[in-house]
Amino acid sequence: MQKTWHIIADANSFYASVEKVFRPELRDKPVVVLSNNDGIIVALSPEAKAIGLKRGDAYHLIKDLAQKHDTQFFSSNFILYYDFSRRIEQIIRRNFEHVEKYSIDEMFITYYSSLNVNDLRKILSKVRQEILDETKIKVSFGAAPTKTLAKVMNQYSKKDNRYNGVSILHDMSKLKTALEKFFVGDVWGIGRQSTKKLETYNIRTAWEFSQRNDAWIRKNFNITGLRTAKELRGVPVVQIGDITESKQSILCSRSFPKAIENVDDIRAALADFVEEVGEKLRKQQSVCRNVSVFVVTAAPKHRIHGDSFWTQVELPYFANDTITLTRSAMIGLQLLLKPGVKYKKAGVTVTNLIPETNLQFNLWQDTSKILKFRTLYKKIDFVNTSVGYVRLGVQNPDNAVHAFRQNLKSPNYTTDIRQVPKIDMDKPLKDSD
DNA sequence: TCTGGGGTCCTAGGACCC
DNA sequence: TCTGGGGTCCTAGGACCC
């Protein structure tokens, strides 16, 4: 009989594993990847977890301790990680028909099959080995009748080496056992707030949560919580959007390495962010109607976070050219900035997106100007992706005070010919090379 | 000196309509 | 004494994910 399997493929400690690929001498060492500006930990190898480091720890606070354990730090190198993500995706797609990319290191597979559990295990193990051979990245598989249960099984396969990276829930009589040992806060869809609330009801395991009645769950955790509970019971209800589909909003924001007070510097930073957003918008062939701008002030001494201020500007027409977007963003920014205040972060979001082809004009609009901008930016995008560097006057590329601090970045080994790993031809090759 | 960034979905409440 | 009812759309903010 044909069965529907939901399978999640998830790369282990993805960013840290990618960094290790090119630095084999770090194989058994703690490796940590830092956020932009080398601020906090965003990924860590198992060895780094073992010495007590956690995702979210501030670099400057754990640096000394970590270095005692010979930890290697890296600034994040997204070009490199995206390239590996793409390679892994290709291998999965050549093996399975229904694949949804869920994040940079996760893919959901829907698999319709009458295979028995052992044959399914063989297939997943084979694909896992292909990925390991071709990219040197370890991927874990979890398979179950629902996506949420697949994520549960995936965690089991990651935590326990005996699974060899493949864990399948095929026998629903084993469901209770699997969920009774599973902390409710680790369930996909149950975050910090819900975990806290569940604690007050004395609910600690995924099993206890799943056994509550629908009305109670709906009341306390709304429709999302109810969906999670149903999935835990084995009823598939969760749908996800593939991240490769068109986005509904596009955001670019950045913390500054140093707080900025100068208005022109903030404007230049925001203009850069708008440009990035515009490029992404045009790449997915959308136009937007709203541009939101936000700024975050530098935090007072006794606080970690500053205050954040936000405003939204409606464009006169749906647009995706950087000139129109920048003009509106600057109007928004002007409303937010106060003299004498230092800012730590700024960002811009475009919302209310529709496909470019749906673009409608008002009767009284000067459409020739709008179309001129669109054509202009097709050309600018071409120039910028090939040889050139076309920017608006408000941007200030030679003096970007908001440039990242990235002191620990690895080379773009796989995407930049000048940065490919070099082999020293004077040294004799060993078998291990 | 120093603590990412980029998304999605849901809901309550307000505005507005008849 | 008593102060409609029902519907839609939009928005801000919260919770969650990686």
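Protein chains get the first letters and strands the later ones, always in sequence-line order, with residue 1 at the start of each. As a basis for the values below, the full set of heavy atoms in this structure was taken, side chains included, without hydrogen atoms, waters or symmetry mates.
- Rounded to whole Å, atom P of C/dC17 lies 14 Å from atom CG of A/Asp10.
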Notebook entry, point to check: What would the secondary structure line of DNA chain C be in dot-bracket form, counting Watson-Crick and G-U wobble pairs under 3.5 Å, with [ ] for pairs that cross earlier ones and | for pairs with another strand?
Noted result: ....||||||||||||||

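- Scanning residues 193-222 of chain A for heavy-atom distances under 4.0 Å to DNA chain C yields A/Gln193, A/Ser194.
- In this structure, A/Lys147 fails the cation-pi test against A/Tyr102, since its NZ or CZ atom is not both closer than 6.0 Å to the six-membered ring centre and inside 45 degrees of the ring normal.
- Side-chain proximity of A/Lys345 to C/dA12, B/dT3, B/dG5: nearest is B/dG5.
- A/Asp57 has its CG atom 19 Å from the P atom of B/dC2, to the nearest Å.
- In this pair, A/Phe78 and A/Tyr82 present their aromatic rings tilted. The plane angle is within the 30 to 60° band.
- Distances shorter than 4.0 Å separate some side-chain N or O of A/Lys344 from OP1 or OP2 on B/dT3.
- Scanning residues 242-263 of chain A for heavy-atom distances under 4.0 Å to DNA chain B yields A/Lys247, A/Gln248, A/Ser249, A/Ile250, A/Leu251, A/Cys252, A/Ser253, A/Arg254, A/Ser255.
- Rounded to a whole angstrom, the distance from the C1' atom of B/dG4 to that of C/dC17 is 15 Å.
- Between A/Arg227 and the phosphate of B/dC10, there is a side-chain N or O to OP1/OP2 separation shorter than 4.0 Å.
- In this entry the distance linking CD of A/Glu100 with C1' of C/dC17 reads 15 Å, nearest Å.
- Geometric assessment of A/Lys63 against the ring of A/Phe73 yields a negative cation-pi assignment under the 6.0 Å and 45° thresholds.
- Applying the 90° criterion around 0 to the glycosidic angle, C/dG4 comes out anti.
- B/dT8 atom P lies 12 Å from atom CD1 of A/Ile240, rounded to whole Å.
- Relative to the side chain of A/Lys280, the nucleotides B/dG7, C/dC18, B/dG5 differ in distance, and B/dG7 lies closest.
- Both A/Tyr59 and A/Gly241 lie near DNA chain B, and the one whose nearest nucleotide falls closer to the 5' end is A/Tyr59.
- Regarding A/Ile104, its CD1 atom lies at a distance of 16 Å from the P atom of B/dG5, rounded to whole Å.
- Within the 4.5 Å cutoff, the side chain of A/Asn77 has heavy atoms near those of the A/Asn412 side chain.
- With rounding to whole Å, A/Asp186 atom CG is found 14 Å from C/dC17 atom C1'.
- Note on A/Val277: nothing from the nucleic acid sits closer than 4.0 angstrom, heavy atoms only.
- Side-chain atoms of A/Asn290 and A/Thr349, non-hydrogen and from C-beta on, never get closer than 4.5 Å to each other.
- Within 4.0 Å (heavy atoms only), A/Ile223 reaches sugar-phosphate atoms of the nucleic acid but no base atom.
- Ring geometry for A/Tyr163 versus A/Tyr156: interplanar angle of 30 to 60°, hence tilted.
- Rounding to whole angstrom units, CG of residue A/Asp272 and P of B/dG5 are separated by 14 Å.
- Counting non-hydrogen atoms under 4.0 angstrom, A/Lys101 reaches nothing in the nucleic acid.
- Between the side chain of A/Gln406 and the main chain of A/Asn36, no donor-acceptor pair closer than 3.5 Å is present.
- The aromatic ring centres of A/Tyr201 and A/Trp216 sit less than 6.0 Å apart.
- Whole-Å rounding puts the A/Asp38 CG to B/dC2 C1' distance at 10 Å.
- Across all strands, A/Tyr102 comes closer than 4.0 Å only to sugar-phosphate atoms, never to a base (heavy-atom distances).
- Looking at A/Asn222, its side chain does come within 3.5 Å of a backbone N or O of A/Thr224 through a donor-acceptor pair.
- Of the possible donor and acceptor atoms, one in the side chain of A/Asp38 sits under 3.5 Å from a partner among the backbone N and O of A/Asn407.
- The residue A/Ile190 sits close only to the backbone: its heavy atoms come under 4.0 Å of sugar-phosphate atoms, none of a base.
- In this structure, the ring of A/Tyr343 has its center no less than 6.0 angstrom from the ring center of A/Phe256.
- Counting only distance, with no hydrogens or angles, the side chain of A/Asn320 and the backbone of A/Gln285 share no donor-acceptor pair below 3.5 Å.
- For the atom pair CG (A/Asp10) and CD1 (A/Ile8), the distance works out to 6.0 Å, reported to the nearest 0.5 Å.
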